Amino acid sequence: MLAALFVSFLGAIFARFLVSRTFPHGGWIAALLPAGLFVFFLTQGAALGETPVITETLNWVPALGILLSLRLDGFALLFVLLITGIGTLVTIYAGAYFSHSPREEGARFLSLILLFMTAMLGTVLSDNLIVMFVFWEATSLLSFMLIGFNSSRPQARKAALQSLVVTGGGGLALFGGILLIGIALGTYSLSEVALRAPELLASPLAIPAMILIMLGAFTKSAQFPFHFWLPQAMEAPAPASAFLHSATMVKLGVYLLARFDLIFEGVPAFNTTLVTIGCLTMLLAAVRALSTDGFKDVLAHSTVGSLGVLVMLIGLDGDYSVTALIAFIIAHALYKAALFFCAGTTIHAVGESRLSRIGGLARRLPVTTVAAGMAAISMAGLPPTLGFITKEYLFESQLNASSGWVIVAVAVLVNAVFAAIAGVAAIRPYYLGKTRSEIKHPETPGLYLGPLVLGGLGFMFGLAPDFLVRGLIQPANDVLVGHTVDLSFSLWHGFTPMLALSATVVAFAGGLIAYWHRIHYALSLNKRLARVLGDFGFNALFAATLRLAERCTRLLQNGDQHRYSSTVAAAVLLIIGYGVLASGTHPVFTLDGGRFDMPSAVVLLLMCVGAIAATRTPSLLRAMIAVGVVGFGSALIFLLNGAPDVALTQFSVEVLLVLILVALLLRVPERAASTRQPGEKRFDIVLAVGFAIVVFVALAATITLPLDSTISDFYAATSYLQAHGRNVVNVVLVDYRAIDTLGEVIVVAFAAMSVWGLLRALPRRRTTP
């Protein structure tokens, strides 16, 4: 599996160069990578019959205890086959979709799609939570790049930023939860966390970790109140919508919650929260879908509602809910990806995305029409499709759960809206009305292969579900339930309450289709409802954050260097002064055993004269000389106290400083006008005196304390043995504090380049001969 991930990553990188050279047929060639991975994981899945789990481990960061450990079980197998299988069809579709675009654009998109597939595979296969988080964040970053692929469109840039802010923020919450689990148990292995679930729940960190993990999952899977970002993400090209926002990425939150279900099932609030959030998301998505006119937007809102269904199923008790969850993941991926394919082909063909302006395309897009009809039948939950079987399991899980009839009523209502959306998506664009626009891009085999295959699989798995049950659903069900449950899928179970509820859904859906225009028109007029249920809250919060940042910038970054320095000095003075007062101790000064050093006293006196002169002279040249006296005096103090190497360094720095200041004086006026008011100058004096007193007190108190030579003795003893250097100071800077020194050098280099740039922008001062 490690080799498969590595091959997937390299293949995604090289795909850009390969596709650009085989354009416009590069999609078919690039699809060999996900197709090969699909076959590989299919063979690995066959080996799961002998052993329930396949693991591989690589010691990645041993100092932090982070292992690149991968785990393939029944539930992970379900996701990797969906990722690689649908990824194959998406790659073929993307190649055909961008066949009329510049070759570099198509090659870049295919490379991003394959990189995203790699990140998805890494997320669902990772057994180490830290490694999983790395791949998790990679999916968010790649999703940002795919949503904003058409970067010339402001809407695309806004949607990409919105998705990154929401999912990235959720990722930080998830990381916090992972760290809390690691602190509580001392391990980041998901398998070990599951085995030690009682120990985790006994920890006071369990509840905070659970909340943070749920936040991460809710943002990724667009659950209330983070439901708004997914419909906005429809600015992405159709292949990305079919892959990221219907079949794979948005289900990562569901995947994570399902993994932690057995771990947190002992916390009653966990299941209650999932059921509540799932139902709210379903209802909000249903209302938004009824008020939306965009082809992809309608499908996106229904996807948000479907994700709510999945989250609700995780929260329900009973084994039937797990079976319904797994079956619905598969059925939804098949029909929703197919419908996004069809929507993309239709919009691409006529250049119009609003359903009210698309119609009568059945003769001009015949294969797409058939594929959309097949996918819509499965989405509506009609026989003989997998969607029908899934819907019956959905209702059975709700009837057997302890949540009550309210959940059943919500599910019936929302599923009726989904079925109506399926009918509108399959009928309105192809059989009703007429599109006046010419077909700009006719359907090609690359465009209709994906929806035909996925729509056909929905029918095949409905008519013959045994292969799917034995190969995917049963192994995944055993992993999530924790024990083996005998499953039996069939189209006919007799006249049951579930069949009655399915018939009720179809009847309601028929009424919604009949009055679709009236309902849509009434809801679309309510702009306030659209704002409340949409991204109004996010936009308001984002705008408020920007306003706060602007005000802080105007207050703190006002361009006055005196104020910057005064603020820093005052803050240091207050912090040190408060620390001294709060400690309740008073420094004791003593001169016992001290001696009067006449050379040092003379040098210090000269330094004081230089410091006073620098503050009094209006000439920049004289001030430079006076400051130089202070610097060279410091070097003499080092030299008189037995530190010739430090003194030499100080001499070098002062010489360099004098040269830089002389160069500066050639660019700026020699005399600078005073910019400080009398009151500001008095404040500067008080601040300077106070700072000097604090520094004096600190230094005087320090020399009276007993010297702890532990660190200096360590450096003296090890500098030659370990770093092979006899100069201890040099060894400390270059070896023991190498990264710190490198950072200081970089800062100085950046500052020098900035000063150089500013000096170049100034006109040279003319001197009088």
Side-chain angles (χ1 to χ4, degrees), residues 1-12 15 27-56 70-93 113-114 116-127 135 242-243 246-249 251-252 255 258 323 326-335 337-338 386 449-480 487 489:
M1 291 184 291
L2 288 169
L5 280 181
F6 185 69
V7 169
S8 180
F9 175 74
L10 288 182
W28 295 90
I29 298 175
L32 294 175
L33 175 63
L37 292 173
F38 178 82
V39 174
F40 168 77
F41 284 111
L42 200 61
T43 57
Q44 292 289 102
L48 287 178
E50 303 174 359
T51 175
V53 179
I54 299 175
T55 60
E56 291 183 15
L70 303 182
R71 170 190 173 95
L72 181 66
D73 55 18
F75 193 49
L77 177 66
L78 166 66
F79 270 85
V80 296
L81 291 181
L82 285 177
I83 292 166
T84 54
I86 296 180
T88 302
L89 300 176
V90 167
T91 306
I92 295 173
Y93 182 88
I113 277 288
L114 294 176
F116 174 81
M117 179 191 71
T118 305
M120 283 290 304
L121 289 174
T123 304
V124 299
L125 288 173
S126 296
D127 186 55
F135 285 114
F243 196 31
S246 65
T248 55
M249 188 193 91
K251 290 191 175 72
L252 276 186
Y255 173 84
T323 306
I326 298 168
F328 191 68
I329 288 174
I330 301 172
H332 178 265
L334 296 179
Y335 66 68
L386 180 62
L449 175 65
L452 271 183
V453 170
L454 295 176
L457 287 175
F459 275 81
M460 185 185 75
F461 291 147
L463 293 170
D466 290 342
F467 171 76
L468 182 67
V469 172
R470 292 195 308 270
L472 281 182
I473 297 179
Q474 183 76 61
N477 193 88
D478 294 345
V479 170
L480 296 184
L487 301 180
F489 274 43

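In this text, all values refer to a predicted model and were calculated from it rather than measured experimentally.
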Check M120 against M249 and note the closest heavy-atom contact, atom names and distance. SD-CA, 3.8 Å

Taking all non-hydrogen atoms of both residues into account, name the closest pair between M1 and R71 and its distance. CE-N, 4.3 Å

Tightest non-hydrogen contact, residues F40 and A4, listed as CE2-CB, 3.7 Å

Minimal non-hydrogen separation, Q44 against L72, with atom names: CB-CD2, 3.6 Å

Restricting to pairs with a member in residues 2-12, which pass side chain to side chain donor-acceptor pair (under 3.5 Å), not counting sequence neighbours? S8-T118

Say you draw a straight line from CE of M117 to CD1 of I86; how long is it, rounded to the nearest 0.5 Å? 12.5 Å

From L5 CG over to L121 CG, what is the distance, rounded to the nearest 0.5 angstrom? 6.0 Å

Minimum heavy-atom distance I326-A476, with the two atoms named: CD1-C, 3.4 Å

Using the side chain to side chain contact (heavy atoms under 4.5 Å, CB included) definition, which of the options I83, V80, D73, L2 pairs with L125? V80

Tell me, do L33 and V7 make a side-chain contact under 4.5 Å, heavy atoms counted? yes

Could you tell me the separation between the CG atom of L386 and the CG atom of L468, rounded to the nearest 0.5 Å? 6.0 Å

Could you list all the ring-ring contact (aromatic ring centres under 6.0 Å, His included) pairs where at least one residue sits in residues 72-93, not counting sequence neighbours? F75-F79, F75-Y255, F79-Y255, Y93-Y97, Y93-F341

Least distance between heavy atoms, A338 atom then G455 atom: CB-N, 4.4 Å

Quick check for you: to the nearest 0.5 Å, what is the distance between L42 atom CG and L77 atom CG? 7.5 Å

Look up atom CZ in R470 and atom CZ in F489, then write down how far apart they are to the nearest 0.5 Å. 13.0 Å

Between T91 and P34, is any pair of side-chain heavy atoms under 4.5 Å apart? yes

OG1 (T323) and CG (L480) are apart, to the nearest 0.5 Å, by 9.5 Å

In the structure I gave you, are the side-chain heavy atoms of D127 and T55 within less than 4.5 Å of one another anywhere? no

Any residue meeting ring-ring contact (aromatic ring centres under 6.0 Å, His included) with F116, in chain and number order, not counting sequence neighbours: F243

Report the C-alpha distance between L454 and Y335 in whole Å, list the side-chain angles of each, state the deciding distance to 0.1 Å, and finish with yes or no for side-chain contact (heavy atoms from CB on, under 4.5 Å). CA-CA 7 Å; L454 295 176; Y335 66 68; over 6 Å; no

For residues F461 and L472, determine if any side-chain heavy atom of one lies less than 4.5 Å from a side-chain heavy atom of the other. no

